[in-house]
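Take this structure first; my questions come after.
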Amino acid sequence: MPWGYVRSLRPRQWVKNVLVLAAPLAAGAVFQADVIGPTAVAFVLFCLCASGVYLVNDSIDVEEDRRHPRKRYRPIAAGLVPRPAAVALAVVLFAVALTAAVVLTRPALAGVLGSYVMIQLAYCTFLKNQPVIDLAVVASGFLLRGIAGGVAAGLLLSQWFLLVTAFGSLFMVAGKRYSELILVGDAAATRKTLQEYSASYLRFVWSLSAGVTLTAYSLWAFEMSESQPTVPWATISIAPFVLAVLRYARDVDKGAAGAPEEIVLGDRVLLVLGILWAATVGIGVFFG
């Protein structure tokens with residue numbers, strides 16, 4: 001079924017790839033002609049690579065997915081897409097993305113995409129069963145998305161940007177695991193590493209990562225405010241940022257944060273806080 005192939009690419013999760021815009025936005029250069037083009041290309045190519053990883057992952061996990069209350073409906077687990085066809089399509093997507101990165105942007109972007117693919121394939125095959133390491137690997141996917149936008153556009157990445165992205169990613173990943181542990185319960189055997197975690201440990205990880213994220217972002221905001229002599233918009237942005245993190249943490253605590261993109265799009269208050277944060281940062285970067 002053609003629709004089965006489309007679903008197996010998980011287009012709903014492409015929203016994660018909006019992170020490639022983060023570095024150009026933070027630098028205030030996203031609307032420059034020589035930046036927006038490569039950044040848009042990086043977004044598309046990351047979508048291709050991410051979909052290829054999903055195809056490989058679902059092909060490997062097909063038996064486990066069939067025992068999962070929700071994942072059993074994935075096209076490959078449901079038998080709508082043959083495993084050989086899924087793997088072949090993944091190879092094509094990887095090849096197209098890496099080639100296009102070199103031809104259309106910079107070879108460095110191909111390096112970032114290649115690193116993402118290799119790390120994620122290692123995760124699919126054996127790292128997903130290594131406690132703690134699996135959290136770091138999944139978080140690295142978000143970090144590499146943020147790096148990709150800067151690399152594609154040839155921008156220098158701030159140390160604060162990297163810290164916020166890295167620990168913010170770890171915060172979301174730990175929350176996702178916590179939600180899976182709470183919601184799946186006795187069926188946690190469908191993901192081996194869930195058996196290695198306790199709810200209290202995952203709470204510790206997301207609390208620690210949230211603390212580092214908020215601290216790093218605040219220091220970054222204070223630094224940016226020094227170049228905003230009239231209104232310190234960057235400093236003001238700390239308020240909606242902190243509230244958004246706390247709101248997301250509440251959703252995590254309820255066991256409702258199984259997928260970051262779903263909770264962000266489904267929580268209207270969180271969405272409003274995100275818009276307020278983006279507005280204050282944007283005003284400071286472009287008009288401050």
Side-chain angles (χ1 to χ4, degrees), residues 5-27 29-31 35-58 74 89-106 108-121 123-124 136-155 157 161-162 164-173 175-176 244 248 257-266 270-271 274-275 277-278 281-282:
Y5 282 91
V6 173
R7 284 180 53 210
S8 65
L9 298 178
R10 302 195 205 176
R12 289 187 62 184
Q13 298 204 27
W14 289 349
V15 68
K16 297 176 183 176
N17 301 322
V18 173
L19 277 172
V20 302
L21 298 172
L25 281 170
V30 70
F31 296 117
V35 172
I36 188 62
T39 302
V41 171
F43 171 81
V44 173
L45 299 186
F46 231 109
C47 289
L48 297 182
C49 286
S51 291
V53 170
Y54 296 143
L55 288 168
V56 174
N57 179 74
D58 292 353
R74 288 177 175 174
L89 179 57
V91 172
V92 172
L93 293 177
F94 294 149
V96 170
L98 294 176
T99 302
V102 175
V103 174
L104 301 178
T105 61
R106 292 172 169 80
L109 177 59
V112 174
L113 293 174
S115 298
Y116 170 79
V117 170
M118 289 189 293
I119 292 172
Q120 296 304 314
L121 291 182
Y123 171 81
C124 293
V137 170
V138 177
S140 73
F142 293 96
L143 177 61
L144 288 172
R145 285 172 170 88
I147 293 174
V151 167
L155 299 174
L157 297 172
F161 172 81
L162 295 175
V164 171
T165 305
F167 283 93
S169 301
L170 184 59
F171 167 69
M172 290 191 294
V173 172
K176 184 175 185 295
Y248 191 92
E261 66 278 7
E262 290 180 5
I263 192 61
V264 171
L265 296 176
L270 182 57
L271 199 56
I275 293 173
W277 168 76
V281 171

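Keep in mind that what you see is a predicted model, and the values were worked out from it rather than measured.
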(message) Does any part of the side chain of Ile119, heavy atoms only, come nearer than 4.5 Å to the side chain of Leu144, both counted from C-beta?
(response) yes
(message) Quick check: do Phe43 and Val18 have side-chain heavy atoms less than 4.5 Å from each other?
(response) yes
(message) Going by side-chain hydrogen bond (donor to acceptor under 3.5 Å, both in side chains), name the residues that satisfy it together with Arg7, two or more places apart in sequence or in a different chain.
(response)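 If we apply the side-chain hydrogen bond (donor to acceptor under 3.5 Å, both in side chains) test to Arg7, skipping adjacent residues, there are no hits.
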(request) State the CG-CG distance between Leu45 and Leu104, to the nearest 0.5 angstrom. (result)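 The CG atom of Leu45 sits 7.0 Å away from the CG atom of Leu104.
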(request) For residues Ala244 and Leu270, report the shortest heavy-atom separation together with the two atoms involved. (result) O-CD1, 3.4 Å
(request) Taking all heavy atoms of Ala42 and all of Ala148, pick out the closest pair and write down the distance. (result) CB-O, 4.3 Å
(message) Measuring only between side-chain heavy atoms, which start at C-beta, is Leu9 closer than 4.5 Å to Leu89?
(response) yes
(request) For a side-chain contact (heavy atoms from CB on, under 4.5 Å) with Val56, tell me which candidate from Leu121, Leu93, Val91 qualifies. (result) Leu121
(request) Would you mind listing every side chain to side chain donor-acceptor pair (under 3.5 Å) that reaches into residues 92-106, with sequence neighbours excluded? (result) none
(request) Calculate, to the nearest 0.5 Å, the distance between atoms OG and CD1 belonging to Ser115 and Ile147 respectively. (result) 9.0 Å
(message) Return the CG to CG distance between Asn17 and Leu48, rounded to the nearest 0.5 Å.
(response) 9.5 Å
(request) Provide the full list of side chain to side chain donor-acceptor pair (under 3.5 Å) pairs with a residue in residues 43-52, sequence neighbours left out, each pair given once. (result)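 Applying side chain to side chain donor-acceptor pair (under 3.5 Å) to every pair that reaches into residues 43-52, excluding sequence neighbours, yields Trp14-Ser51.
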(request) Verify side chain to side chain contact (heavy atoms under 4.5 Å, CB included) between Ile36 and Phe31, making sure each step is shown before the conclusion. (result) CA-CA 6 Å; Ile36 188 62; Phe31 296 117; 5.6 Å; no
(message) Quick check: closest heavy atoms across Asp58 and Arg74, and the distance to 0.1 Å?
(response) OD1-NH1, 3.2 Å
(request) Provide the closest heavy-atom pair for Lys16 versus Arg145 in the form atom of the first, atom of the second, distance. (result) O-CD, 3.5 Å
(request) Report the residues that fulfil side-chain hydrogen bond (donor to acceptor under 3.5 Å, both in side chains) with Asn57, sequence neighbours left out, ordered by chain and then residue number. (result) Lys128
(message) On a heavy-atom basis, which atom in Thr39 and which in Pro24 lie closest, and how many Å separate them?
(response) OG1-CG, 3.6 Å
(request) Indicate the atoms forming the closest heavy-atom contact of Val151 with Val112, along with that distance. (result) CG2-CG2, 4.1 Å
(message) Measuring from atom OG1 of Thr165 to atom CG of Leu19, what distance do you get when rounded to the nearest 0.5 angstrom?
(response) 7.0 Å
(request) Enter the distance from Met172:CE to Phe167:CZ here, rounded to the nearest 0.5 Å. (result) 14.0 Å
(message) Checking Tyr116 now: which residues fulfil ring pair (Phe, Tyr, Trp, His ring centres under 6.0 Å) with it, not counting sequence neighbours?
(response)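 Ring pair (Phe, Tyr, Trp, His ring centres under 6.0 Å) list for Tyr116, sorted by chain: Phe46.
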(message) When you compare the side chain of Phe94 with that of Val53, does any pair of heavy atoms fall below 4.5 Å?
(response) yes
(request) Could you tell me which residues satisfy side chain to side chain contact (heavy atoms under 4.5 Å, CB included) with Ala110, sequence neighbours excluded, listed by chain and number? (result)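 Side chain to side chain contact (heavy atoms under 4.5 Å, CB included) list for Ala110, sorted by chain: Ala101, Val102.
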